[in-house]
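By convention in this document, chain letters (A, B, ...) are assigned in the order of the sequence lines, proteins followed by strands, and residues within each chain are numbered from 1.
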Amino acid sequence: MTSSFSNLHLAEPLARAVADMGYESMTPIQAQAIPVVLTGKDVMGAAQTGTGKTAAFSLPLLQRLMRHENASASPARHPVRALVLLPTRELADQVAQQIALYAKHTKLRSTVVFGGMDMKPQTAELKKGVEVLVATPGRLLDHIEAKNAVLNQVEYVVLDEADRMLDIGFLPDLQRILSYLPKQRTTLLFSATFSPEIKRLANSYLQDPVTIEVARPNETASTVEQRFYSVSDDDKRYAIRSILKQRDIRQAFIFSNSKLGCSRLTRALERDGLRAAALHGDKSQDERLKALEAFKAGEVDLLVCTDVAARGLDIKDVPAVFNYDVPFNAEDYVHRIGRTGRAGASGLAVTLVTSHDSRNVADIEKLTKKKIEVERCPMEDFRPPRTSRPGHGEGERRRERDGYSAAAYGHRPSRMAQRANNADPFFDKPYEPSSAAEPASWESQRAAAVKSVSPSIRPKRKIAALFKAPVASS
DNA sequence: AAAAAAC
């Protein structure tokens with residue numbers, strides 16, 4: 001076939017590194033991007049997750065840097081010539097390791113700097129001089145301001161997970177970093193997802209770019225089986241345990257929308273006797289790296305994480321991803337489920353859906369252009385009987401197992417029954433697929449909510465929250 | 001509604 005690395009005529013040290021790693025044929029993004037990057041043009045590249053984007057930009061980048069590689073030990077003779085920026089520390093670490101492998105037979109030097117670690121060893125590496133610098137934005141700015149890193153000779157800048165790097169949270173730092181770089185340079189942007197707005201913004205950073213799209217942007221990998229299960233908040237953890245058991249799955253990523261939720265879920269799963277570790281931004285860097293390593297080594301089965309782990313992390317053979325919470329951004333859904341089904345392997349992505357997630361589910365459907373069926377969750381009964389409460393007989397146990405059904409009891413639930421059952425008529429009702437093609441407007445959702453909620457059983461502040469307009473997004 | 005990235 002034409003898409004073999006041997007047809008690329010990479011410089012011998014790079015070809016040898018590729019052979020060392022056992023790579024033979026290129027993935028589509030590699031086959032398309034490598035020749036373009038070799039020309040030195042600006043690139044905007046979109047490809048599905050897990051298809052080898054790192055090699056797609058780093059191999060041709062190294063090849064171009066090799067034209068003037070330099071064996072001298074002086075930092076002045078080793079200016080930073082290529083800068084690779086990433087949105088999380090773990091990702092910077094991973095990409096740096098990969099680049100070091102590709103460059104190992106060349107004379108090119110590379111290093112990585114990110115926060116949460118001692119500055120000194122990073123400074124020492126920078127002072128020795130590196131051609132390729134991999135970094136997260138905050139720490140890089142620290143090094144720039146401390147004059148540890150001089151970027152006025154950068155020829156190539158890569159924004160990996162580019163849409164995240166360009167979003168509002170990162171943009172100020174990114175702008176400052178870019179202001180230290182020469183105007184005359186090559187800029188490469190890569191991601192699996194690009195929204196139209198980000199695409200427009202991205203184009204303002206590129207000169208006469210070549211756009212490479214090997215798949216429809218935002219497309220999910222066909223190797224991932226996607227399931228959406230309707231559950232109540234209280235049953236989420238039991239749902240996960242049921243599915244793990246039924247599918248005979250040992251390892252999985254479990255995504256939570258908040259750091260607190262992530263920690264709580266981890267503790268609860270540990271109490272259930274499962275081997276879980278938490279990974280989120282409130283953990284020390286040491287704990288973060290340990291959690292990741294333990295998961296990679298198979299010492300931990302469930303990596304419970306926030307979206308810090310949604311993008312780019314490449315761990316072999318992770319069979320499943322659970323969305324304990326439906327992500328706020330549909331783009332994050334695409335990235336999260338991209339942690340499984342990598343490099344052509346098969347994977348399972350299970351999203352747990354409650355009644356207040358309709359809108360986000362609709363957004364996912366719209367973004368991925370894939371019809372979503374919300375199914376009944378296949379649950380084994382992991383729910384513990386709550387015998388500690390007084391007055392518990394067969395009826396209560398059945399109710400807790402099957403959920404409260406007014407029909408089954410032939411009457412309307414009393415307020416007390418509702419509280420005892422943790423039933424919340426609006427927030428805890430399992431998700432019901434709506435026949436409406438378009439997501440309901442916020443106003444109509446509010447109207448429906450107000451109608452369905454009797455003020456007498458709702459605390460006042462929750463009602464007030466329902467009336468509060470959402471903050472304008474943009 | 002949250003998370004991430006600097007101390």
Below the 4.0 Å mark, does B:dA5 have OP1 or OP2 next to a side-chain nitrogen or oxygen of A:Arg89?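 Result: yes.
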
Please determine if a side-chain N or O atom of A:Thr88 lies less than 4.0 Å away from the OP1 or OP2 oxygen of B:dA5. no

Are the charged groups of [X] and [Y] less than 4.0 angstrom apart, N to O?
X        : Y        : result
A:Arg227 : A:Glu375 : yes
A:Asp286 : A:Lys290 : yes
A:Arg81  : A:Glu131 : no
A:Glu225 : A:Arg247 : yes

With side chain to side chain contact (heavy atoms under 4.5 Å, CB included) as the test, pick out the partner of A:Phe170 among A:Ile168, A:Asp173, A:Leu166, A:Asp167.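 It is A:Asp167; the other options fail the test.
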
Go through [options] for me and flag the one nearest to the [X] side chain.
X        : options             : value
A:Thr306 : B:dA2, B:dA3, B:dA5 : B:dA3
A:Phe114 : B:dA3, B:dA5, B:dA6 : B:dA6
A:Asn360 : B:dA5, B:dA1, B:dA2 : B:dA1
A:Phe328 : B:dA4, B:dA1, B:dA6 : B:dA1
A:Arg288 : B:dA4, B:dA6, B:dA2 : B:dA4

Measure [atom1]/[X] against [atom2]/[N] and give the value in whole Å, please.
X        : N     : atom1 : atom2 : result
A:Phe253 : B:dA3 : CZ    : P     : 18 Å
A:Arg336 : B:dA3 : CZ    : P     : 11 Å
A:Asp325 : B:dA2 : CG    : C1'   : 10 Å
A:Gln122 : B:dA5 : CD    : P     : 13 Å
A:Asp233 : B:dA1 : CG    : C1'   : 14 Å
A:Glu90  : B:dA5 : CD    : C1'   : 12 Å
A:Glu161 : B:dA3 : CD    : C1'   : 14 Å
A:Asn329 : B:dA4 : CG    : C1'   : 12 Å

Where along [range] does a heavy atom come under 4.0 Å from DNA chain B, residue by residue in number order?
range                       : result
residues 307-315 of chain A : A:Val308
residues 256-266 of chain A : A:Asn257, A:Ser258, A:Lys259
residues 280-287 of chain A : A:His280, A:Gly281

I need the single residue from A:Asp307, A:Thr193, A:Asp332, A:Thr88 that forms a side-chain hydrogen bond (donor to acceptor under 3.5 Å, both in side chains) with A:Arg164. Which is it?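 With A:Arg164 as partner, A:Asp307, A:Thr193, A:Asp332, A:Thr88 yield a single side-chain hydrogen bond (donor to acceptor under 3.5 Å, both in side chains), made by A:Asp332.
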
Picking from A:His143, A:Gln122, A:Glu125, what satisfies side-chain hydrogen bond (donor to acceptor under 3.5 Å, both in side chains) with A:Asn148? A:His143

Could you note down all residue pairs passing ring pair (Phe, Tyr, Trp, His ring centres under 6.0 Å) where residues 291-343 of chain A supplies at least one of them, sequence neighbours left out? A:Phe228-A:Tyr333, A:Phe253-A:Phe295

Looking at B:dA4, does its base get a donor-acceptor pair with the side chain of A:Asp167 below 3.5 Å?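 Answer is no: no donor-acceptor pair is held.
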
Would you say the side-chain atoms of A:Asp163 pair up with the backbone N or O of A:Phe194, donor to acceptor, closer than 3.5 Å?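 A pair under 3.5 Å: no.
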
By ring pair (Phe, Tyr, Trp, His ring centres under 6.0 Å) - contacts of A:Tyr156 (at least two apart): none

Which heavy atom of A:Pro209 sits nearest to which heavy atom of A:Asn203, and what is that distance? CG-OD1, 3.5 Å

Can you pull the salt bridge (charged side-chain N to carboxylate O under 4.0 Å, His left out) pairs that have at least one residue in residues 338-355 of chain A, sequence neighbours excluded? A:Asp314-A:Arg342

